[in-house]
Amino acid sequence: MPKYYGEALTNFVLQNFQTNKIKDLYEQAKRFGYTGTLRSFYAFVKRVTSKTKKIKNPAQEFIDVLKKVKVITVIDLSNKLDCTPQRILDYVEYHRALGYEISIDEQYVIFSKDAVSNGTSFDGPLEDTEIIFAVISDPHFGSKACQITALNTFSEIARKKSVKHIFMPGDITAGLGVYAGQQFDLYGLSSGEQEASVILNLPYGFEWYALGGNHDYSFIKSNGHNALLAIQHHRKDFHYIGFDQADVPILKGVDLKMWHPSGGVPYAVSYRLQKGIEQIAFDELTQVVRGVKDLPTVRFVLAGHLHIQMQALFGSIFGMQCGSFEGQTNYLKKKGLVPAIGGWIVRAELGKHGLLRNFTAKFYVFPEIRDDWKNYNHSLPEKQITEPIFEN
Ligand SMILES: [Fe+2]
């Protein structure tokens with residue numbers, strides 16, 4: 001049995017300090033005969049490791065450099081890391097899958113906390129002529145008020161009604177630091193914990209189309225991490241389509257727009273949606289006049305953010321405020337607001353020029369379950385990586 005004294009203890013620390021907590025190393029060292037206090041062990045580790053230049057793996061070095069310089073040419077970066085430009089592309093892909101907001105063109109690699117990359121774009125329509133879809137908005141995974149039981153029950157109803165596509169107009173995660181004291185409303189503080197909760201608890205059997213909202217954006221703002229990119233990497237049925245506003249073609253010449261507006265709930269609940277749809281209509285008109293589009297294509301606007309529900313037809317545009325799957329947080333309590341917990345199932349038939357012929361839109365309401373998050377698992381099992389992730 002080795003005794004961790006002198007050189008042996010030094011080697012033990014050097015071999016393990018980068019991958020283990022000092023406290024754990026201390027416990028191991030004690031089991032093998034180290035007799036000092038935790039405090040003296042800390043001092044010893046500090047002394048030994050300060051002389052040692054940390055050995056980084058190339059992927060770690062890539063992200064460290066990028067975080068520091070933010071923008072760099074592909075050539076400069078490959079020279080700096082002593083690797084090929086192709087390897088830089090591999091690193092970009094690898095880190096984007098982890099949720100880092102990194103973009104790349106022919107010349108530059110860019111790491112950003114402000115600009116977010118576009119999500120997946122869809123070439124073809126999702127349905128033929130009659131459409132059915134469901135909407136689950138603002139679940140805020142990571143929030144103690146997240147209503148996972150309601151989400152599961154609603155998904156079961158949707159499944160029985162042959163729904164294949166579910167749209168999520170924002171705030172998939174609760175984020176952190178969005179309002180003062182938010183940390184007390186969360187069961188998962190980090191983006192990793194909140195992502196794991198989504199990955200584990202989002203029901204299977206659907207294609208999910210997710211827009212980023214202001215809560216998801218908080219992780220980008222604080223450390224350039226896009227939680228939705230990371231979730232997309234783990235769940236092939238989860239499609240990240242962008243932030244704030246994005247279109248999904250659902251029929252030929254018919255787009256569904258998801259929108260996560262900003263600001264608080266106005267006195268008149270339909271106000272924000274009405275004004276938003278007016279702007280969308282003006283935008284479409286401008287595009288037609290400029291020749292960018294032949295005809296207006298937006299027929300559905302799904303708005304998240306306000307946690308209220310209402311639906312109305314605005315000319316040729318079907319608009320809805322989509323409710324939420326988050327109950328009443330301390331923030332809403334302070335503001336005296338009561339969220340509408342539930343989701344929509346929409347069945348619609350479209351006629352000539354993609355105009356709505358008839359439709360049913362039903363909102364399923366659920367009672368709030370206090371601390372519902374405690375009924376579910378939120379931790380992914382740790383993955384053991386045995387093979388090197390990059391080839392030599
Ligand atoms: Fe929200």
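Just so you know, ligand 1 is whichever comes first in the structure, and atom 1 is the first atom listed for that ligand. Values below: every heavy atom of this structure, side chains too, minus hydrogens, waters and symmetry copies.
Side-chain contact between Gln194 and Leu186: present, with at least one pair of heavy atoms (C-beta onward) separated by less than 4.5 Å. Side-chain contact check for Tyr376 versus Cys146: every heavy-atom pair is 4.5 Å or farther apart.
Within a 6.0 Å radius of OH in Tyr108, other residues, nucleotides and ligands contribute 12 heavy atoms or fewer.
Under a cutoff of 6.0 Å and an axis angle of 45°, Arg39 and Tyr26 do not form a cation-pi pair.
Of all protein N/O/S atoms, those lying under 2.8 Å from the Fe ion (ligand 1) come to 4.
Sorted by first and then second residue, the ring pair (Phe, Tyr, Trp, His ring centres under 6.0 Å) pairs involving residues 273-309 (not counting sequence neighbours) are Phe133-Phe300, His140-His307, His260-His305, Phe300-Phe318.
The one candidate from Leu202, Leu302, Asp138 that meets the side-chain contact (heavy atoms from CB on, under 4.5 Å) condition with Met168 is Leu202.
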